[in-house]
Amino acid sequence: MHFVPHTEAEVAEMLAALGLASVEQLFDVVPAALRLAGGLDMADGLAEADVAGRFDAYAAANRPVGADLVCFAGAGAYDHDMPSVVNRLAYRSEFVTAYTPYQPEVAQGVLQALFEYQTLVCRLFGTDVANASLYDGASACVEAVNLAVAATGRPEVWISRGVHPHWRQVMTTMAVGTGHHLTDIALDDGLTSWPESGLPGAILVQSPNYLGCLEDVGAAGELARRLGALLIVAADPVSAGLLISPGSLGADVVVGEGQPFGAPLSLGGPYLGLFACRREHVRRLPGRLVGETVDTGGRRAYVTTLRTREQDIRREKASSNVCTNQTLMAVAFLVHLAWLGTSGLRELALRCARGTRYTREALLVIDGVEPLAGAPTLREFAVRTPLAADILVDRMADEGFLAGVALGEEYGGGLLVAVTEKRTKAEIDAYVVAFEKVVR
Amino acid sequence: MHFVPHTEAEVAEMLAALGLASVEQLFDVVPAALRLAGGLDMADGLAEADVAGRFDAYAAANRPVGADLVCFAGAGAYDHDMPSVVNRLAYRSEFVTAYTPYQPEVAQGVLQALFEYQTLVCRLFGTDVANASLYDGASACVEAVNLAVAATGRPEVWISRGVHPHWRQVMTTMAVGTGHHLTDIALDDGLTSWPESGLPGAILVQSPNYLGCLEDVGAAGELARRLGALLIVAADPVSAGLLISPGSLGADVVVGEGQPFGAPLSLGGPYLGLFACRREHVRRLPGRLVGETVDTGGRRAYVTTLRTREQDIRREKASSNVCTNQTLMAVAFLVHLAWLGTSGLRELALRCARGTRYTREALLVIDGVEPLAGAPTLREFAVRTPLAADILVDRMADEGFLAGVALGEEYGGGLLVAVTEKRTKAEIDAYVVAFEKVVR
Amino acid sequence: MTGGAPGGRATSAPLMGRDAEPTLFELSSPGRVAANFRATGLPEWTAEDLVPAAHLRNEPTPVAEVSERDLVAHMTRLSHRQFSVDLGAYPLGSCTMKYNPKLCDDAVARAGLADVHPAAPPRLTQGWMALFADLEEALCRITGMAAATLQPPAGAAGELTGLLLMRAFHGAAGEDGRRRRVLIPDSAHGTNPASVTLGGYAVTQVPSDDRGCVDLDALVARLDDDVAGIMLTNPNTLGLFEEDIVAIAGAVHEVGGLLYYDGANLNAILGVTRPGDMGFDIVHMNLHKTFAVPHGGGGPGAGPVAVTERLSPFLPGPRPVRTDRGPSGPSSGLQGAYEWVEPERSIGRIHSWHGNALALARAWSYILANGGDGLRKVSDAAVLNANWLRHRLRGAYDIPFDRPCMHEFVASATNLKRDRGVRALDVAKRLLEEGFHAPTTYFPLVVEEALMIEPTETESPQTLAAMADALLRIAGDTAEDARNAPRTSPVGRVDEARAARQLIPTWDARPAEGGSPPIGPQGLSEQRF
Amino acid sequence: MTGGAPGGRATSAPLMGRDAEPTLFELSSPGRVAANFRATGLPEWTAEDLVPAAHLRNEPTPVAEVSERDLVAHMTRLSHRQFSVDLGAYPLGSCTMKYNPKLCDDAVARAGLADVHPAAPPRLTQGWMALFADLEEALCRITGMAAATLQPPAGAAGELTGLLLMRAFHGAAGEDGRRRRVLIPDSAHGTNPASVTLGGYAVTQVPSDDRGCVDLDALVARLDDDVAGIMLTNPNTLGLFEEDIVAIAGAVHEVGGLLYYDGANLNAILGVTRPGDMGFDIVHMNLHKTFAVPHGGGGPGAGPVAVTERLSPFLPGPRPVRTDRGPSGPSSGLQGAYEWVEPERSIGRIHSWHGNALALARAWSYILANGGDGLRKVSDAAVLNANWLRHRLRGAYDIPFDRPCMHEFVASATNLKRDRGVRALDVAKRLLEEGFHAPTTYFPLVVEEALMIEPTETESPQTLAAMADALLRIAGDTAEDARNAPRTSPVGRVDEARAARQLIPTWDARPAEGGSPPIGPQGLSEQRF
Ligand SMILES: Cc1ncc(COP(=O)(O)O)c(C=O)c1O
Ligand SMILES: Cc1ncc(COP(=O)(O)O)c(C=O)c1O
């Protein structure tokens with residue numbers, strides 16, 4: 001199916017106006033040697049109904065989570081309930097088919113939504129400013145490290161091993177370009193054991209961390225201040241409903257994965273990177289920032305601001321190269337979180353914590369299942385299993401459960417289990433029964 | 001889940017303003033004897049996620065048409081492809097959550113859409129005016145009969161047995177109130193054989209008729225003129241892509257079921273009744289009519305017009321009692337048909353006819369399968385089967401096909417089979433194989 | 001460039017300008033196509049091969065020739081020219097324009113409901129039948145009735161169904177010939193008398209008393225054994241509860257008549273009282289009012305009819321009924337199996353299939369979400385809002401029957417008309433400028449310059465306060481101000497007289513010369529404000 | 001009534017008025033709740049039971065307290081304050097704002113795609129892996145490359161990925177230390193130099209010649225064996241095809257450098273020529289431009305990177321690869337089984353998971369629908385539209401490099417500025433009034449008062465003609481006219497200086513006294529036009 005409206009008669013009329021005899025002549029500027037003889041080596045276009053058929057086949061070849069595969073996997077991608085308002089509002093075509101708000105007079109919709117999003121992110125994390133989103137949790141970590149190194153002039157970065165392994169891998173990839181020295185800091189019984197001394201420009205801790213344990217963010221903050229480093233905290237927006245905010249515990253920059261609000265699991269994307277910091281760092285803030293102002297009539301209005309930080313103006317001296325970000329996901333995040341509201345956010349976090357506690361206690365009764373770490377957890381926890389975790393996950397799939405995420409070597413193996421507000425007692429009990437059967 | 005925004009404090013404040021002590025006092029006007037002690041005998045409200053769970057269960061207890069139940073059933077409800085634009089546009093919340101356009105200044109969206117819908121219905125059927133929709137094919141027939149009887153002053157109505165049996169049943173139900181005399185006119189080899197003489201006020205024929213046969217509408221028109229009756233034709237909007245329009249063959253009123261454009265099968269509703277007629281009958285037109293006009297600034301505008309026909313003004317003398325109609329379905333009809341466009345409508349009708357011919361010829365090869373009527377068909381046809389049709393349909397469901405619709409006694413049984421543009425040669429061939437297996 | 005209007009120009013979107021939107025037909029360009037069709041592998045017979053010459057048209061049927069891109073832009077811009085509940089408050093009296101929860105949209109957006117063929121055997125439609133049975137039971141509990149039909153696609157259809165049930169009932173008693181009249185209060189909605197006529201009855205109007213309720217004496221005076229029944233809505237269209245309802249019921253039943261309840265105002269009494277308790281025999285409900293089925297710009301709705309035990313044998317058929325046999329078909333946790341049953345003395349079918357099924361399903365999802373507790377909250381807040389607003393408007397507007405109302409009330413602009421020539425119509429148009437839809441005007445007919453206001457329960461106190469402030473501002477307007485309203489909408493006041501005088505019902509019916517008025521001033525001429 | 005703003009008042013919807021829309025925070029009322037949660041049957045432990053005191057916050061985290069109804073109205077009204085492709089033409093140069101087919105929305109709206117956990121074992125994600133492999137193959141055919149990574153979530157991320165691939169490649173040759181510079185033309189997009197810096201390279205700028213193309217001599221003069229490579233887009237940001245591309249490629253390869261192709265302008269050459277044929281080694285694509293992934297107000301996009309054979313061992317991992325083993329998992333007609341493979345010399349992971357999967361799937365549905373034949377039609381029409389519009393604007397606007405362009409061209413308002421003080425910015429704002437989005441302004445930097453216009457292929461000739469007429473009208477404006485634009489939008493020109501001077505980045509950062517400017521004049525004061 002094709003989407004070009006031009007009729008043959010219209011094409012002829014337009015060519016005539018240009019004094020051309022054929023469409024081919026439009027491309028005379030392309031050296032003959034470069035012309036693709038015979039066109040693209042691809043099938044012709046399909047009808048809409050046939051495209052749908054192809055996609056039915058792809059979808060049928062996956063096993064989505066749901067009643068047939070009850071989800072206990074998390075590790076940075078969580079299976080939360082999403083209210084109908086999210087898709088009905090965030091995916092209105094005005095939001096979906098708009099470009100970056102370059103003309104504020106006709107883009108107040110996206111601009112105000114982003115302003116409200118920035119406000120909510122700051123409220124969650126206890127910070128002064130937040131940008132209009134980055135790609136994902138990993139890119140938010142990368143940008144935070146870049147900001148901290150630039151602010152302190154120190155290329156040394158300490159990264160807790162409690163930070164999501166994929167995020168650490170991405171930081172490692174990017175460090176090749178920036179030349180930062182990244183040092184992994186090991187965990188002790190689930191919590192980061194920081195060195196006493198050194199000259200880091202940034203200290204990066206995640207809490208709850210990858211193993212689900214609650215880190216001592218305050219202590220990390222004191223350490224950072226003592227060593228003259230910036231504290232970067234990777235935080236979870238759901239847990240923010242119950243935990244003391246990183247900002248109030250001394251974080252200079254707070255980052256996170258925004259997926260729990262508004263983004264389906266969708267094999268890992270599009271999600272959105274949350275990025276917030278203290279006001280003193282605003283001129284180093286990566287990406288877009290929306291601010292409130294007025295129009296010529298004194299009417300309240302919104303606009304992207306402090307644009308001199310950005311690549312299109314600062315070019316090689318920009319604070320970041322980000323241009324297209326994840327705005328639509330930020331709008332979905334806004335709708336989902338606004339629907340939850342103040343009491344709903346707390347209730348959500350509480351319900352995740354309840355299910356997690358209940359599941360953890362039930363699993364630990366099974367012999368051979370041991371806690372991987374003793375530190376307190378909130379919405380996710382890790383256990384050692386009698387059966388290798390990857391095999392266990394595979395077998396549990398046949399029982400109708402996505403049992404969790406198998407931990408890598410650096411954690412000595414084990415299974416990471418997440419329980420959201422979606423899980424009922426009945427589902428958890430059935431999971432535990434299947435688990436016992438499989439490990440036996 | 002509840003949708004009342006009031007907080008307790010607000011309720012208290014409002015009650016205070018009214019000088020009331022409790023919400024209960026608001027109902028003091030309701031005699032104590034009538035008060036429902038203990039409230040409704042119903043369960044408390046469910047969370048959104050739990051409502052979804054209940055609906056998953058209902059849906060799972062149905063067998064929808066699709067890859068697992070390939071549809072060859074029609075009988076007034078057809079399984080057509082629907083382009084994505086239909087739901088994306090017609091179901092925009094501005095159309096979905098608007099009321100009847102009583103304030104034209106802020107309802108130009110619905111009004112213009114209805115004006116365009118009316119235009120398309122008239123183009124399909126070759127008529128001068130069309131209303132903004134009725135409930136369904138049956139109610140359109142009822143209203144057409146009422147119009148014709150009022151116009152001719154003759155309560156006698158001849159109705160071809162080729163008209164959808166359910167529509168005839170509804171007309172019979174309603175005739176008890178109106179006192180019209182309805183006479184069923186039998187079919188001969190699939191076509192209506194009209195009496196030579198009589199004093200009918202209306203003659204109602206469907207073409208293609210219930211058995212899929214193409215009626216001689218022109219002849220019915222001449223008969224009607226000769227007897228001083230109005231000719232009412234029940235037509236199919238898809239077949240309109242290939243057939244000479246009823247209007248040009250002498251129809252005074254044209255009605256139809258609009259489901260093929262924009263409405264899913266959805267167990268039979270909501271669909272929409274198409275209603276169109278000659279201009280001379282416009283003052284008897286049932287339901288809403290949108291007309292073009294101007295605003296105070298001379299700018300083009302649309303408004304509902306000739307409202308003196310309607311119940312809210314004429315009350316017991318109104319041309320009909322219809323108020324709420326099927327506007328949203330009319331908007332969906334508009335989008336679907338506009339997407340098809342002039343060439344697409346013809347192509348659609350052609351493809352239905354091709355699949356029908358191919359299927360019919362293949363089935364007739366099976367021994368014991370005989371044509372039920374000899375008259376030419378277009379998109380649907382009827383056959384006698386060696387096995388009782390209802391049993392055949394039941395067995396075919398196990399083979400993964402909705403084989404068709406079993407015909408009632410008045411047709412001497414048999415199976416009614418419809419083939420739309422959705423059916424591929426592979427599906428039809430598989431259907432025929434299963435058919436042969438089941439009847440053997 | 002020759003041919004059509006520019007599909008990509010957005011001056012008709014209020015965000016961008018104040019032009020009118022071109023029609024699909026102006027956007028058309030000969031030969032332009034959006035449609036496409038799946039590959040089937042079938043023989044490519046021609047039209048001539050397939051259609052007898054006598055039936056085949058030689059010209060293609062003219063539709064429109066637009067690109068998918070222009071169709072999308074056209075409909076999207078039209079949507080921006082349309083007010084809706086999702087944009088703001090819609091206090092249309094008698095219409096119950098409450099918020100329609102999005103969860104209901106999603107509940108019915110399931111292939112397992114939408115892709116079910118209506119003629120499929122019951123074994124394949126058990127889920128739908130179970131849903132219908134569950135909804136029917138809930139509606140009976142809410143109204144205090146014994147059984148219901150879900151077939152009527154709207155309120156008016158429900159009314160006619162109810163009247164035919166009356167006839168069947170009286171007919172069974174051999175009284176059909178005798179009972180010719182149906183009583184209706186002068187405040188009744190227009191569909192009531194229109195339905196009575198279609199039911200084959202004569203309308204006898206009953207006046208309202210000075211308290212805005214049915215005049216009991218006048219009613220009794222009109223009662224006789226030729227009366228088939230009476231149609232009432234309670235609260236009535238003035239938003240007032242008919243306090244004499246028990247006496248009225250007694251009197252009507254006394255002469256052998258039946259009581260019909262027009263359920264359009266049910267939103268006022270959910271969980272408070274039930275038509276059945278008041279003595280009604282037949283009840284229709286507007287699911288598109290009380291139970292949040294969105295109005296869709298005028299429909300589709302659903303108007304189920306519930307009746308008492310003695311009328312249930314006459315209900316339309318077929319009805320989905322739970323049998324005691326175990327589940328059949330792909331059951332998944334349903335209790336029992338369902339089949340279609342024809343009531344033994346059924347008046348017959350009144351819909352092509354089973355009614356507006358998806359609308360019925362939406363209403364059921366709404367009822368499930370609210371539950372018994374939530375439905376009562378609905379009426380509490382609906383009545384509280386109406387009374388609070390009535391209280392705020394006192395003094396500024398005449399309020400003919402100024403006593404505690406239920407979910408709506410009727411104010412009047414007679415004082416404004418008298419003092420400064422501002423009519424109900426002007427108030428309505430001014431309210432549009434203030435960011436609210438207008439109330440229902442000039443209905444009920446018993447009140448001059450009527451403004452019938454139904455805030456509904458989903459509007460917040462803050463919204464009510466703002467609406468009250470706006471209405472108070474308007475009450476201070478000069479006729480001048482008022483006449484020019486609305487000035488903020490894409491079109492100003494519309495010339496309804498011209499529409500009727502020179503009827504243009506389709507694009508093709510435009511007067512040969514002159515054609516349609518222009519889409520609107522090019523660009524800005526009108527837009528320099 | 002105390003508390004929040006009225007959520008049901010629609011004066012901020014352009015249809016109803018010109019006020020601003022209150023924020024969620026103004027719409028909040030203490031204790032108001034929309035949220036609800038499913039019944040789980042789990043023990044109701046308290047926060048204190050579950051969270052160590054040292055971590056537990058004592059105040060709930062402030063969010064907002066709005067009803068679902070007000071949230072819906074708020075977001076719907078905001079959507080009416082937002083221009084979009086679905087409302088009209090959006091000729092933003094370099095952004096390729098084409099129509100995004102609705103079929104792509106539906107293609108990805110499948111639980112079988114959306115509800116798949118990214119950490120699920122490959123056996124459960126075969127469908128996604130097959131889709132990725134199919135898309136990768138198609139992108140390679142379109143660009144003439146050997147292999148690709150789908151991980152980069154946007155173009156800039158693709159650029160950085162490409163630069164890291166360069167480093168890995170040179171590093172493998174033991175040359176990483178030596179090669180420190182990357183060449184970039186002065187017309188390049190800002191992300192190019194920014195990415196070069198993040199890649200750890202120094203930027204060497206190459207001037208354009210008087211024909212708007214890379215100055216070959218200047219380029220050669222800057223080439224040396226310390227050059228890692230060059231980043232180009234072809235057609236370049238002036239919409240001109242770099243005719244010397246073969247010579248450029250030769251010269252860069254000569255000194256051992258690599259050629260990076262910025263795919264933002266790929267829409268011009270689909271099926272006409274391929275970066276691979278031009279000699280490029282690394283190519284990124286903006287699927288949110290060329291392949292109709294909608295921009296979502298600024299994202300998400302997808303920026304896959306394709307490379308030649310010799311660079312493929314360095315690609316990020318894991319990559320989905322088809323094995324010759326039979327299908328595993330719920331296959332349904334897939335050929336073969338897929339597994340995640342780490343390229344042997346991979347630069348490592350560059351996304352948390354596998355990139356913006358749903359955006360990638362959308363692009364694949366678009367490519368499938370168009371097919372090879374349709375993609376060529378895309379470029380034909382995109383280039384035809386741009387040239388036709390350039391032709392129409394000749395004379396009225398300066399066109400610095402006035403010769404056949406590709407999918408876009410750059411005009412300039414220097415003549416208008418000189419003659420009557422009308423700047424590119426004014427032209428942009430005036431065009432909004434005319435019902436079209438503005439072109440990209442002041443980019444590329446090599447053109448003064450630049451107006452970079454990209455009509456795209458989905459706009460009809462009629463739309464182009466109307467856009468041309470509007471631009472010609474604007475060319476005749478006085479500075480006066482121009483300065484006042486836009487007058488039709490819900491807000492007039494926005495004070496960007498104030499926004500930066502007194503930064504208000506959140507609702508809570510409003511200056512203590514005075515607070516925010518008002519939502520806008522009550523009701524009509526501003527609306528009497
Ligand atoms: C009081 C009353 N009765 C009956 C009706 C008719 O209902 P419907 O429009 O669904 O036919 C309405 C709705 O307009 C009404 O308000
Ligand atoms: C020429 C050019 N290069 C690179 C980019 C950056 O792409 P993205 O915004 O997806 O990061 C863009 C898009 O703005 C562009 O126009």
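Protein chains get the first letters and strands the later ones, always in sequence-line order, with residue 1 at the start of each.
Only the backbone of C:S79 comes within contact range of chain D, with at least one heavy atom under 4.5 Å from a heavy atom of that chain. Looking at C:P486, there are no atoms closer than 4.5 Å to chain D (heavy atoms on both sides), in backbone or side chain. Looking at D:T458, both its backbone and its side chain come within 4.5 Å of chain C, counting heavy atoms on both sides. Heavy atoms closer than 4.5 Å to chain D are found in the side chain of C:D70, but not in its backbone. Within the 4.5 angstrom heavy-atom criterion, no atom of C:K98 approaches chain D.
With sequence neighbours excluded, the residues satisfying ring pair (Phe, Tyr, Trp, His ring centres under 6.0 Å) with C:F83 are C:Y90, C:H437. For D:R390, the side chain to side chain donor-acceptor pair (under 3.5 Å) criterion is met by D:N387, D:D402, not counting sequence neighbours.
Judged by distance alone, the side chains of C:E454 and C:T96 do bring a donor and an acceptor atom under 3.5 Å apart. Side chain to side chain, D:E65 and D:S28 fail the donor-acceptor criterion of an N or O pair below 3.5 Å.
Comment: C:R430 does not engage C:D481 in a salt bridge, judged by the lack of any side-chain N to carboxylate O separation of less than 4.0 angstrom. Between C:R81 and C:E21, none of the side-chain N atoms (NZ, or NE/NH1/NH2) sits under 4.0 Å from a carboxylate O, so this pair counts as no salt bridge. By the 4.0 Å N-to-carboxylate-O rule, D:D19 lies close enough to D:R9 to be salt-bridged with it. Salt-bridge formation is not detected for the pair D:E457/D:K377: no Lys NZ or Arg NE/NH1/NH2 atom is positioned less than 4.0 Å from an Asp or Glu carboxylate oxygen.
Here C:V85 is the residue among C:N36, C:V85, C:D469 with the most heavy-atom pairs under 4.5 Å with chain D. Between chain D and the options C:L87, C:V72, C:T76, heavy-atom pairs under 4.5 Å are most frequent for C:L87. Per-residue counts of heavy-atom pairs under 4.5 Å with chain C were compared for D:R69, D:M75, D:E459; the largest is that of D:R69. Between chain C and the residues D:S460, D:A470, D:S12, D:A13, the largest count of heavy-atom pairs under 4.5 Å involves D:S460. When each of C:A466, C:S67, C:A73, C:G7 is scored by its heavy-atom pairs under 4.5 Å with chain D, the top score falls to C:A73. Ranked by heavy-atom pairs under 4.5 Å with chain C, the list D:K102, D:H74, D:R77 is led by D:R77. When each of C:G8, C:S84, C:P490 is scored by its heavy-atom pairs under 4.5 Å with chain D, the top score falls to C:G8.
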